[in-house]
Amino acid sequence: MIKPHSNRAWLLLLPALLILGFVAALPLVAVFNYSFHDIFTLDTALWVGPQWYLEIIRDPSFWASLGRSALFSAIVLSIQVPLGIWIALLMLRIGRWAVPVVMMLALPLVVPWNMIAGMWLTLIDPQVGLLGKAIAAAGIGFDYKFTALHTWILIVAADTWHWLGLVVILSYASLSAIPASYRQAAAIDGASRLAVFRHIELPRIAGALSIVLLLRFVDSFMIYTEAFTINAGGPQGATTFISLELGEDIRSFTYGRAAARAMLDFLIVLSVAWAFIRIRAGRDTSPETTR
């Protein structure tokens with residue numbers, strides 16, 4: 001006899017949904033409303049319709065900053081994900097010593113965002129920083145203030161140091177859960193190391209990598225603190241990402257334009273996340289993965 005199914009357990013989610021609605025849904029609705037107004041004070045707001053949206057979309061600087069943000073996310077993901085997987089694979093070989101390595105890699109994750117840029121600026125200072133002294137001793141010119149490539153290298157390095165541990169930890173956890181019999185069977189069949197990674201390890205960590213890719217894309221696409229603190233979007237706007245343009249609107253008290261820009265940024269991130277989830281769902285239901 002089949003027991004009746006009850007959905008009363010969903011009631012346990014009500015407190016979380018109420019909190020989420022208060023801290024996320026209501027502010028989103030308020031920002032959406034402000035994006036159609038020219039706001040002078042909270043009591044004085046002039047309806048302007050889609051004017052702010054049209055101005056932003058027609059502004060070439062918006063598309064330039066969008067391209068820089070997309071490029072930064074692509075660079076960060078192409079470095080951190082392969083490097084994190086490689087480190088996780090190395091950790092499997094060192095056995096019990098992997099625990100202290102995981103703890104060391106997790107330390108940057110608990111460092112506040114507003115300290116990351118300051119730490120790296122001190123590190124590359126040729127007067128007091130170890131890395132800065134090493135670069136100077138090697139005779140390498142590194143001028144992040146006036147050389148765009150050097151500024152990009154510094155921001156990417158700081159972001160990688162901060163978030164690489166997340167990729168390593170999730171990848172290592174997934175790799176550690178693979179039964180040893182899988183690798184033993186592959187060894188008996190004479191499978192190469194590349195074949196083991198492609199057909200055994202990579203499919204097993206695909207779920208964790210999906211989470212990593214989505215989280216790191218959203219965070220890197222909206223990077224602000226590091227880019228602003230290191231060079232405030234310079235030199236000559238080379239690191240002016242879409243988040244920095246949003247900050248400029250807020251600092252200039254153009255709140256209606258800032259609200260419209262925030263909604264556009266939100267829609268871009270939401271669209272990419274939706275497309276990613278749809279692609280991932282399509283792969284999970286494909287014949288190759290369901291056999």
Side-chain angles (χ1 to χ4, degrees), residues 24 27-28 30-39 48-81 113-114 116-118 120-121 142-163 213-276:
L28 182 63
V31 171
F32 180 71
N33 176 58
Y34 293 153
S35 67
F36 294 99
H37 293 80
D38 190 1
I39 302 173
V48 295
Q51 174 185 335
W52 296 123
Y53 290 97
L54 296 177
E55 287 187 6
I56 295 172
I57 293 175
R58 292 169 181 171
D59 188 355
S61 64
F62 168 75
W63 298 104
S65 61
L66 177 60
R68 284 188 288 268
S69 295
L71 177 61
F72 179 79
S73 295
I75 293 175
V76 163
L77 291 175
S78 63
I79 293 175
Q80 296 178 10
V81 174
W113 290 359
N114 57 349
I116 300 298
W120 274 83
L121 289 177
F142 189 81
D143 186 5
Y144 71 92
K145 293 182 179 179
F146 300 102
T147 305
L149 178 60
H150 296 173
T151 309
W152 273 79
I153 291 174
L154 181 56
I155 297 176
V156 170
D159 188 83
T160 300
W161 176 83
H162 192 191
W163 291 107
L213 287 171
L214 189 57
L215 291 178
R216 289 303 301 123
F217 165 75
V218 173
D219 181 73
S220 62
F221 191 76
M222 297 304 298
I223 186 172
Y224 177 83
T225 305
E226 294 88 340
F228 180 78
T229 305
I230 288 175
N231 212 356
Q236 298 181 350
T239 55
T240 301
F241 305 119
I242 58 175
S243 57
L244 269 71
E245 288 198 336
L246 174 59
E248 288 297 324
D249 284 342
I250 295 175
R251 281 191 296 273
S252 62
F253 303 101
T254 315
Y255 295 125
R257 182 184 177 92
R261 191 183 296 276
M263 289 304 304
L264 288 175
D265 296 348
F266 171 75
L267 290 175
I268 292 172
V269 173
L270 185 65
S271 299
V272 173
W274 177 83
F276 179 84

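Bear in mind that the values here come from a model prediction, so they are computed numbers and not experimental data.
- Under the 4.5 Å side-chain criterion, counting only non-hydrogen atoms from C-beta, Leu121 is in contact with Leu154.
- Closest heavy-atom contact between Tyr255 and Ile250: CE2-O, 3.9 Å.
- A heavy-atom distance below 4.5 Å is found between the side chains of Trp113 and Asp219.
- Between Ile155 and Ala227, the shortest heavy-atom distance links the atoms CD1-CA, 3.9 Å.
- In this structure, Ser73 contributes its side chain and Ala70 its backbone to no donor-acceptor pair below 3.5 Å.
- Rounding to the nearest 0.5 Å places OG of Ser35 at 12.0 Å from CD of Gln51.
- With hydrogens and angles ignored, the 3.5 Å screen pairs a side-chain donor or acceptor of Ser65 with a backbone N or O of Phe62.
- Rounded to the nearest 0.5 angstrom, Thr160 OG1 and Ile153 CD1 are separated by 11.5 Å.
- Ring-plane geometry between Phe228 and Tyr224 is classed as parallel, the angle between the planes falling under 30 degrees on a 0 to 90 degree scale with a further cut at 60.
- Using cut-offs of 30° and 60° for the angle between ring planes, the Trp161 and Trp120 rings count as perpendicular.
- Within 6.0 Å of the CZ atom in Arg251, the count of heavy atoms belonging to other residues, nucleotides or ligands exceeds 12.
- Atoms CG and OG1, on Asn231 and Thr151 in that order, are 4.5 Å from each other to the nearest 0.5 Å.
- The minimum heavy-atom distance linking His37 with Trp52 is given by the pair O-NE1, 2.9 Å.
- Looking at Arg257 and Asp59, a side-chain N of the basic residue comes within less than 4.0 Å of a carboxylate O on the acidic one, giving a salt bridge.
- Considering every non-hydrogen atom in both Arg68 and Ala238, the closest pair reads CD-O, 3.1 Å.
- Asp143 contributes atom CG, which lies 11.5 Å from atom CG of Leu149 (distance to the nearest 0.5 angstrom).
- Taking the six-membered ring where tryptophan is involved, the planes of Tyr53 and Phe36 are tilted, since the angle between them lies from 30° to 60°.
- Between Ser61 and Glu245, the shortest heavy-atom contact is O-OE2, 3.3 Å.
- When all heavy atoms of Val31 and Ala262 are compared, the pair lying nearest together is CG1-CB, 4.3 Å.
- The CD1 atom of Ile56 lies 4.5 Å from the CZ atom of Arg261; values are rounded to the nearest 0.5 Å.
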Pair Thr229-Asn114, side-chain contact (heavy atoms from CB on, under 4.5 Å): steps then yes or no: CA-CA 8 Å; Thr229 305; Asn114 57 349; over 6 Å; no

Could you go through the side-chain contact (heavy atoms from CB on, under 4.5 Å) check for Phe221 and Ile242 one step at a time? CA-CA 8 Å; Phe221 191 76; Ile242 58 175; 3.2 Å; yes

Step by step, would you call Val81 with Leu213 a side-chain contact (heavy atoms from CB on, under 4.5 Å)? CA-CA 8 Å; Val81 174; Leu213 287 171; 3.7 Å; yes

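- Within the 3.5 Å criterion, the main-chain N or O of Pro235 finds no donor-acceptor partner in the side chain of Thr239.
- Taking CG from Asp159 and CD1 from Ile79, the interatomic distance works out to 9.5 Å, rounded to the nearest 0.5 Å.
- Within the 6.0 Å centre-distance limit, the rings of Trp152 and Phe241 are counted as a close aromatic pair.
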